[in-house]
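Below you'll find the structure, written out as structure tokens, and then a few comments.
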There are 2 protein chains.
Amino acid sequence: MPGMGRWQPDARGRLERAALELYVERGFERTSVAEIAERAGLTERTFFRHYADKREVLFAGSSVLQEVLVDAVARAPESATPMDAVAAALEAAAAVLQERQEHARRRHSVIDANTELQERELIKLASLSTALAGALRQRGVDDASAGLAAEVGIAVFKIAFRRWVEQAGDKELSQFIGESLTGLKAVTADA
Amino acid sequence: MPGMGRWQPDARGRLERAALELYVERGFERTSVAEIAERAGLTERTFFRHYADKREVLFAGSSVLQEVLVDAVARAPESATPMDAVAAALEAAAAVLQERQEHARRRHSVIDANTELQERELIKLASLSTALAGALRQRGVDDASAGLAAEVGIAVFKIAFRRWVEQAGDKELSQFIGESLTGLKAVTADA
DNA sequence: CGAGCGATGTCAGTCACTGTCATCAAACGG
DNA sequence: CCGTTTGATGACAGTGACTGACATCGCTCG
């Protein structure tokens with residue numbers, strides 16, 4: 001089973017927790033990789049064996065999200081339109097994030113304070129869009145519609161997610177997604 | 001007049017041309033800033049006085065694009081819906097890019113080959129989206145609709161632009177944008 | 001118990017990027 | 001016409017992200 005360290009267990013988990021803690025405490029820029037590794041009881045070199053760079057340690061969960069999205073599109077009923085399938089995928093992803101709301105908020109506050117991290121977040125979202133489009137094509141959707149539905153779906157997700165993490169109350173992410181999807185139809189409808 | 005070097009003129013232009021040339025010749029990663037500066041007849045330190053980092057030298061034109069987009073939204077007739085205004089803005093931006101098709105293709109091939117550059121491109125597009133949304137609010141559009149129309153507009157632009165630069169023929173960018181906008185309405189229409 | 005293997009440690013090196021100070025060319029005032 | 005000022009550039013040292021090469025350690029299997 002890959003990913004399980006053989007000395008102190010869960011090296012990756014320790015690195016991720018140490019990194020998030022330090023990024024929250026002192027900010028991303030003022031945290032060195034050596035400090036993260038030290039808090040995790042490892043060396044700098046080992047950090048870079050687990051993560052391609054200093055940013056990537058914050059984005060380990062994105063592959064999980066991708067699987068959830070793709071899976072939901074695949075499971076959508078055959079009668080569903082492309083946007084219906086995308087909507088179902090966004091709901092599934094929302095459920096995952098809703099379970100870790102606190103973690104999502106902490107992580108968002110770190111990313112929101114640093115441009116480099118925003119860049120990484122954007123390319124992860126673009127990757128999710130590509131995966132979504134692929135899942136739609138798997139359902140027989142044509143290339144153009146698949147690309148559009150996926151991009152638009154991710155756009156909706158971005159807006160809903162931002163409103164969710166920045167809200168004062170405790171409304172669910174799912175609800176923001178529903179509202180954004182409704183708003184989308186209003187905005188794209190012919191005048 | 002700022003930006004005009006007093007020794008050899010147009011230092012920024014020389015740096016941008018040298019950078020694009022080298023990125024095309026040897027790839028982004030295998031090009032050092034010292035090499036760019038040398039080809040431009042300047043020093044590495046001067047490069048970083050003009051551009052925040054090695055990537056930014058490829059994105060000098062994005063501020064122009066932003067002005068074109070915002071201006072077009074502001075000029076759209078009062079009767080125009082938010083998406084109409086966004087569509088007009090995309091057409092205006094398309095006209096600018098159509099004039100420099102060769103440059104756009106070369107630049108795209110460089111960005112397409114490197115992940116870091118793709119990240120920078122994505123955050124520039126996100127910045128354009130924010131500017132678009134601001135211009136829409138200036139027209140009295142509510143926050144939610146402005147954000148959605150802007151994000152969706154940029155999504156359409158991304159897809160149309162990619163199809164344009166990667167096409168074999170010489171169809172105009174404006175046409176791809178029109179097709180994508182039509183596809184968008186089809187995809188978001190209720191079943 | 002010894003060989004193999006995967007994860008970690010050590011160390012040297014490159015390069016992006018920054019702070020600081022010196023220098024130079026052109027514009028400006030007297 | 002010359003001295004001063006101003007803004008861009010050069011020179012140089014330094015930090016930290018990231019990499020390659022090699023040694024070492026702990027576990028597993030035969």
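Keep in mind that what you see is a predicted model, and the values were worked out from it rather than measured. Per chain, numbering begins at 1; letters A, B, ... match sequence-line order.
- Regarding contacts with the backbone of C:dG9, a side-chain N or O of A:T43 is found under 4.0 angstrom from either OP1 or OP2.
- Nucleotide C:dG9 holds its P atom 12 Å from the CD atom of A:E38, rounded to whole Å.
- For the pair A:H50 and C:dT8, the criterion of a side-chain N or O lying under 4.0 Å from OP1 or OP2 is met.
- For residues 175-186 of chain A, every residue pair satisfying the side chain to side chain donor-acceptor pair (under 3.5 Å) rule, not counting sequence neighbours, is listed here: A:K171-A:E179, A:K185-B:D190.
- Under the 30°/60° scheme for interplanar angles, the aromatic rings of A:F161 and A:F157 are found to lie parallel.
- Following chains of ILVMFWY side-chain contacts shorter than 4.5 Å, one cannot reach A:L65 starting from A:L58, and the two form parts of different hydrophobic clusters.
- Remark: the B:T130 side chain and the B:S127 side chain contain no N/O donor-acceptor pair separated by less than 3.5 Å.
- Partners of A:R26 according to the side-chain hydrogen bond (donor to acceptor under 3.5 Å, both in side chains) rule, which considers only residues two or more places apart in sequence or in another chain, are A:E35.
- If you measure from atom OH of B:Y51 to atom P of C:dC17, you get 14 Å, rounded to the nearest angstrom.
- Distance from the side chain of B:D53 is smallest for C:dC17 among the nucleotides D:dA17, D:dT9, C:dC17.
- For B:E21, the side-chain hydrogen bond (donor to acceptor under 3.5 Å, both in side chains) partners at least two apart in sequence or on another chain are B:R39.
- Residue pairs that meet the salt bridge (charged side-chain N to carboxylate O under 4.0 Å, His left out) test with at least one member in residues 127-152 of chain A, sequence neighbours left out, are A:E151-B:K158.
- The stretch residues 18-37 of chain A has no heavy atom under 4.0 angstrom from DNA chain C at all.
- Judged as a salt bridge (charged side-chain N to carboxylate O under 4.0 Å, His left out), the pairs with a partner in residues 53-69 of chain A (not counting sequence neighbours) are, in order, A:D53-A:R120, A:R55-A:E116, A:R55-B:E119, A:E56-A:R120, A:E56-A:K124.
- Of all heavy-atom pairs spanning A:L148 and B:G183, the tightest one is CD1-C, 3.7 Å.
- With sequence neighbours excluded, no residue satisfies side-chain hydrogen bond (donor to acceptor under 3.5 Å, both in side chains) with A:R105.
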Discussion item. Show me the dot-bracket string of DNA chain D, counting Watson-Crick or G-U pairs under 3.5 Å, with | for pairs to another strand and [ ] for crossing ones.
Written reply: ||||||||||||||||||||||||||||||
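- Within residues 112-123 of chain A, no residue is approached by DNA chain C to less than 4.0 Å at the level of any non-hydrogen atom.
- Checked for salt-bridge contact, B:D112 and B:R107 miss the test: no charged N lies under 4.0 Å from a carboxylate O.
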Any protein N or O atoms within reach of nucleotides 20-24 of chain D? Criterion: under 3.5 Å, listing atom names and distances.
residue, atom, partner, partner atom, Å
D:dG20, N7, A:R45, NH2, 2.9
D:dG20, O6, A:R45, NE, 2.7

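- Residues passing the side-chain hydrogen bond (donor to acceptor under 3.5 Å, both in side chains) test with A:S62, sequence neighbours excluded: none.
- Sorted by first and then second residue, the pairs that involve residues 8-34 of chain B and meet ring pair (Phe, Tyr, Trp, His ring centres under 6.0 Å), not counting sequence neighbours, are B:Y23-B:F28.
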